[in-house]
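As C-alpha cells, the structure follows; a few thoughts come after it.
In each ligand, atom 1 is the first atom listed, and ligand 1 is the first ligand listed. Source: prediction; values computed, not measured.
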Amino acid sequence: MKKSIPVRKNEEITVRFEDLTHDGAGVAKIDGFPVFVRRALPGETGKIKIIKTQKNYAIGKLVELNDKSPYRVEIPREDSHKYGGCQLEHMTYEGQLKYKENQVRQVLTRIGKLEDVVVYPVLGMEEPWHYRNKAQVPVGEKDGKLIAGFFKQRSHEIVDTDESLIQLPEVNEAIKAVKDICSELGIAPYNEETHKGVLRHIMARYGKETGELMVVLITRTLELPHKNELIEEITVRLPKVKSIVHNVNSMRTNVIMGPETTVIWGNEFIYDTIGDVKFAISALSFYQVNPDQTKVLYDKALEYTGLTGGETVIDAYCGIGTISLFLAQKAGLVFGVEVVPQAIEDAKRNAELNGIMNAEFEAGEAEVVIPKWYKEGNKADVLVVDPPRKGCDEALLQTIINMKPKKVVYVSCNPGTLARDLRILEDGGYKTIEVQPVDMFPQTTHVECVSWLSFIGI
Ligand code: SAH
C-alpha cells in the first residue's frame, strides 16, 4: 500500500519537536512522517509552514514558537541566520555540547554497532566565539559597490559582511581593511555569472600565538591591478601583516585557489605554534582553524598514544606534519604520510625548524605507502590516522589489521565514517577503548573526535 504524505505545501500546523538532525535542524513527526525545520529545538512546540514535501520527509519553516527549550538563546545578530554556517547559534553552548555528545554516541551505536563504547562529554571552549584563524571571503558587486562576505545559504548571492562572530578579531579586521582598500582603488570585483572582473576572494590567516598575519588576494586575471598601492596600503593599515600573496584562479569554478601563487610582499610563510612546536604555514597549507582547540585535540591524541620515548609511530594523513611533530617530542621515531607533496615539503621544513631529527615524511596515499612500508618489514607500535571526511581507505584499515600496532589513535572530523572504520578495526581484533569528542567548531554542527583503540586479538 502506498503511504500517503500527511502534509501539503503551504499548510500551517502546530508541532512538537522531538529531535535534531545531524545538520542541526529540528525534527517533528506528523503521523510518523518527519518534518525538518531549521532553528527549532527538541522539546519546543510551535507553528510551522510546510515549504517543501518529498516522498519520505517534508521541510518546514518556523512561523511562531510556543514552548521554548531551556537550551534556546537569542541569536547574537538578527541577520546572522542568513549566512548559514553557524547552524547551532540559537542554542546555549551547553546545549550544543550535549547535542554533539549525543550525536557521536548515536552514530557509533547505529553505524558502528559499538554498544558499550565509552564516549566522554565534549571538550568545549571557555569562550566559544571569535576562534577561527582563517577566513576566505567571496568578493562581488552590489549597486556598483564592491562587497565581500558570505554566500547566502544554498545560494551564490553574497551578503556583504564586515564581521563574523566566529573569526578572530584580527582576521575580521584584515578582511575589512583589504576590502576597503580594494574598493578605494577601484579594483573590479569578479562576477561569477559573466566570468568577468578581477578580485574573486580575499583570504586572511593569522598566527594567534605569533601575531603574524597573511593576506591572500585571489584574482581571475594574471595581473593584479594597483599592486604597489595595494601593498603600500595593506602594510600601513595592517601592521601585523608579514606576508602578502597573489593567487590566480582563471577558471570557472567553485574552488577558491588557482594553481599560480606568488608572494608579492614579505615572507612566503607565517608562523604559528601549537604547544612547543613551531609551524611555517604557506598560503596553500592545510592548518587547523581553531588554534586553542587544536592544542586540546593534539594533547588528547598524545595522551592516547601513551608514548614513553622509544616507540615507532606512523602518522597517516599527516598534512604539514602537525601531529607527527607534536608526537615526535615523545616518540622514538615518527613516519608521516600525506598525499599532497607540497604539504610534505612543509612537514620536512617544520621538522628542521624545530630541530626535530626523529621524524621522516613521504608523499603518497596512505593506503599505498603504509602497505609498502609494511612489506619492507617496517612496523609501528602506534598508528595515528587523521583522515578527511570520507574516512580511511579499506586497504589502509586492512594493513593496520595485518600490521597489528598495539594502539591506534583515530582523529576524525566525521563521526559517520569514524563509526564505519571502527567497526572494521574491531572486526579485525581491535577494541575501541575511549572516544573523546572535541569541539573544534563551536556554533556549527561539526564535531571532531579522538579515539583510542587497543589490539586485543580476535
Ligand atoms: N593531521 C593534519 C592534517 C589532517 S587533514 C592536521 O591535523 O593538520 C587530512 C589530510 O589528509 C589532508 O592534509 C589531506 O591532504 C590528506 N589526505 C587525503 N587523502 C589522503 C590519502 N589517501 N593519503 C594520505 N593523505 C591524504
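- The contact set between ligand 1 and Gly364, taken as ligand atoms under 4.0 Å from a residue heavy atom, comprises 23 (N), 24 (C).
- Proximity of a side-chain donor or acceptor of Gln436 to a complementary backbone N or O of Val450 within less than 3.5 Å is not detected.
- Salt bridge Asp160/Lys179: present, at least one basic N to carboxylate O contact under 4.0 Å.
- Of all protein heavy atoms, the one closest to atom 14 (C) of ligand 1 is Glu338 OE2, 3.5 Å.
- When non-hydrogen atoms are compared, ligand 1 lies under 4.0 Å from the backbone of Cys318 (N, CA, C, O) but not from its side chain.
- Ring planes of Phe279 and Tyr287: tilted class, angle from 30 to 60°.
- If you look at Val340 next to ligand 1, the close heavy atoms, those under 4.0 Å, all belong to the side chain.
- For ligand 1 and Ala366, the ligand atoms under 4.0 Å from any heavy atom of the residue are 21 (C), 23 (N), 24 (C).
- For the pair Lys390 and ligand 1, the shortest N or O to N or O distance does not fall below 3.5 Å.
- Close contacts between ligand 1 and Phe286 involve ligand atoms 3 (C), 4 (C), 5 (S), 6 (C), 8 (O) [criterion: under 4.0 Å to a heavy atom].
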**OP:** Start with the C-alpha gap between Glu448 and Ser412, add the side-chain angles, then the distance that decides, and say whether side-chain hydrogen bond (donor to acceptor under 3.5 Å, both in side chains) holds.
**Re:** CA-CA 6 Å; Glu448 192 95 8; Ser412 159; over 6 Å; no
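- Between the CD1 atom in Ile187 and the CG atom in Leu224 there is a gap of 6.0 Å [rounded to 0.5 Å].
- For atom 22 (N) of ligand 1, the closest non-hydrogen atom on the protein side is Glu367 OE1, 3.1 Å.
- Taking only nitrogen or oxygen atoms, main chain and side chain alike, Glu365 does not reach within less than 3.5 Å of ligand 1.
- Ranked by closest heavy atom to atom 20 (C) of ligand 1, the top entry among Tyr298, Phe326, Tyr317 is Tyr317.
- One N or O on the side chain of Ser243 and one on the backbone of Asn267 form a donor-acceptor pair closer than 3.5 Å.
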Subject >> Residues Tyr430, Ser454; criterion side-chain hydrogen bond (donor to acceptor under 3.5 Å, both in side chains); working and verdict >> reply: CA-CA 5 Å; Tyr430 281 88; Ser454 266; over 6 Å; no
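- What sits closest to atom 6 (C) of ligand 1 on the protein, heavy atoms only, is Thr322 OG1, 3.1 Å.
- Counting only distance, with no hydrogens or angles, the side chain of Thr21 and the backbone of Ala25 share a donor-acceptor pair below 3.5 Å.
- Ligand 1 lies nowhere less than 4.0 angstrom from a heavy atom belonging to Asp393.
- With hydrogens and angles ignored, the 3.5 Å screen pairs no side-chain donor or acceptor of Arg220 with any backbone N or O of Val248.
- Using cut-offs of 30° and 60° for the angle between ring planes, the Trp373 and Phe335 rings count as tilted.
- Counting protein heavy atoms only, atom 18 (C) of ligand 1 is closest to Pro388 CG, 3.6 Å.
- Under 4.0 angstrom from ligand 1, the non-hydrogen atoms of Val339 come from both its backbone and its side chain.
- The protein non-hydrogen atom at the shortest distance from atom 9 (C) of ligand 1 is Asp386 O, 3.4 Å.
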